[in-house]
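In what follows, chains carry the letters A, B, and so on, assigned in the order in which the sequence lines appear, proteins first and then strands, with residues in each chain numbered from 1.
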Amino acid sequence: SQQGEEDPQALSIQEGENATMNCSYKTSINNLQWYRQNSGRGLVHLILIRSNEREKHSGRLRVTLDTSKKSSSLLITASRAADTASYFCATPFTGGFKTIFGAGTRLFVKA
Amino acid sequence: DTEVTQTPKHLVMGMTNKKSLKCEQHMGHRAMYWYKQKAKKPPELMFVYSYEKLSINESVPSRFSPECPNSSLLNLHLHALQPEDSALYLCASSQVVGKTGELFFGEGSRLTVL
């Protein structure tokens, strides 16, 4: 069964707007990660937030984590057409070896 | 650019064929993974190797046979596959010591089973 569920499943915005994606998970975690996947290609690690952190920034990315609600959000500010991709949250288990991915959000940024 | 290299990028095979997917990394990672991804779905874990030993097998059918010849290489041997096995197969690697679970992925091998 999937650990993370994400919403929305798909998101279409104009260039320059902000995009927010949400992820929920079921069990306790050490950290939560976000990955990006361009169509038909490999996944790229974007950002990791530890369970004792509430917010983290990396460039135009902002990630929040609420362990009491078992949820996380990824905000991409000032989106660009090149941000068009699928975004997955992921949580590692079993000493970090078993990383389970959420269903993903497909983001489309219109130029 | 990815530091995990997968070959071939595309593979078409019949149900009676035997083929192999290959993965190589030179980041010194001692954990390597195979994931399977169907269209519009998240990657699903298949196998995990740690220090060249199989540590996780997610109940994958025996027609998929993994092999880790050394710390840099990971193979996935394919035999008697079914059309529903058509998917993108992703290899990944990660550190073991001080592990956060951050994965480094290859670009994948797109498999079509006829």
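Heavy-atom distances place the side chain of A/L48, and not its backbone, under 4.5 Å from chain B. Only the side chain of B/Q37 comes within contact range of chain A, with heavy atoms under 4.5 Å apart. In this structure, no portion of B/Q6 lies under 4.5 Å from any heavy atom of chain A. Looking at A/Q37, the atoms closer than 4.5 Å to chain B (heavy atoms on both sides) all sit in the side chain, from C-beta outward.
Hydrophobic clustering keeps B/M32 apart from A/L43 (ILVMFWY residues linked when any side-chain heavy atoms are closer than 4.5 Å, directly or through intermediates). Residues B/F105 and B/I56 fall within the same hydrophobic cluster, defined by Ile, Leu, Val, Met, Phe, Trp and Tyr side chains chained together at heavy-atom separations under 4.5 Å.
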Step by step, would you call B/K38 with B/E44 a salt bridge (charged side-chain N to carboxylate O under 4.0 Å, His left out)? CA-CA 9 Å; B/K38 303 283 272 185; B/E44 295 180 0; over 6 Å; no
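Using cut-offs of 30° and 60° on the angle between ring planes, the pair A/F101 and B/Y35 is perpendicular.
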